Amino acid sequence: MLASIIRDFDSKAQVALKSQDHLNCFIDRHTRELDQLLEDGPLPFVMQHAAKVSGVRTRVSSLNSLLKSIQLGSDNINLILSVGSPQDKQ
């Protein structure tokens, strides 16, 4: 039963990881576009939003790293459960 729960969590974590990666790419693209706008004409409005996007990008990257760490832990638990302990095999 625990293995089933771990697999379900693992599946949902994979979906979240893909979503985070997609969001990270989206934010990177828009950050580059904002950088180009700043080079063309640094308007206070654009600079303010560029700072916000940069802050969001930092938070998304941090969350992505945390999610990858959790995924690794989940994979390790899943591996342990699938291999089983030596006592279970006796």
Side-chain angles (χ1 to χ4, degrees):
M1 184 170 108
L2 185 57
S4 174
I5 292 170
I6 296 295
R7 279 192 295 273
D8 184 48
F9 172 78
D10 190 43
S11 171
K12 290 178 181 177
Q14 286 289 347
V15 170
L17 184 61
K18 287 179 185 176
S19 177
Q20 288 290 320
D21 285 339
H22 178 71
L23 179 59
N24 207 15
C25 290
F26 179 80
I27 290 173
D28 284 344
R29 187 180 78 227
H30 285 285
T31 300
R32 286 190 302 273
E33 290 174 7
L34 280 172
D35 287 343
Q36 184 62 43
L37 283 172
L38 288 172
E39 287 177 14
D40 294 344
L43 303 173
F45 174 77
V46 174
M47 292 176 68
Q48 181 182 19
H49 285 287
K52 286 180 183 179
V53 168
S54 179
V56 169
R57 182 179 184 275
T58 301
R59 291 194 313 259
V60 168
S61 293
S62 176
L63 286 171
N64 204 14
S65 295
L66 177 62
L67 184 59
K68 286 179 182 181
S69 174
I70 292 169
Q71 180 67 43
L72 181 61
S74 174
D75 290 345
N76 288 339
I77 291 170
N78 200 17
L79 179 64
I80 290 168
L81 289 175
S82 67
V83 171
S85 67
Q87 294 172 350
D88 292 342
K89 294 181 179 181
Q90 291 177 354

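Everything numeric here is computed off the predicted structure, so don't read it as measured data. All residue numbers refer to positions in the sequence shown, counting from 1.
- Taking OG from Ser19 and CG from Asn24, the interatomic distance works out to 11.0 Å, rounded to the nearest 0.5 Å.
- Considering CD1 of Ile27 and CZ of Arg59, their distance stands at 8.5 Å, rounded to 0.5 Å.
- Between Leu66 and Gln20, every side-chain heavy-atom pair lies at or beyond the 4.5 Å cut-off.
- The pair Arg32-Asp28 does not meet the salt-bridge criterion, since no charged nitrogen lies less than 4.0 angstrom from a carboxylate oxygen.
- In terms of hydrophobic clustering, with Ile, Leu, Val, Met, Phe, Trp and Tyr side chains grouped at heavy-atom distances under 4.5 Å, Phe9 and Leu67 are assigned to different clusters.
- Ring-centre distance between Phe26 and His22: not below the 6.0 Å cut-off.
- A continuous path of Ile, Leu, Val, Met, Phe, Trp and Tyr side chains, each step under 4.5 Å between heavy atoms, connects Val56 with Val53, placing both in one hydrophobic cluster.
- Going from atom CG of Asn78 over to atom CD1 of Ile5 covers 12.5 Å, rounded to the nearest 0.5 Å.
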CA sep, side-chain torsions, deciding dist, call: Leu81, Arg7, side chain to side chain contact (heavy atoms under 4.5 Å, CB included): CA-CA 10 Å; Leu81 289 175; Arg7 279 192 295 273; over 6 Å; no

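- Of the possible polar contacts, one joining the Ser61 side chain to the Arg57 backbone as a donor-acceptor pair under 3.5 Å is found.
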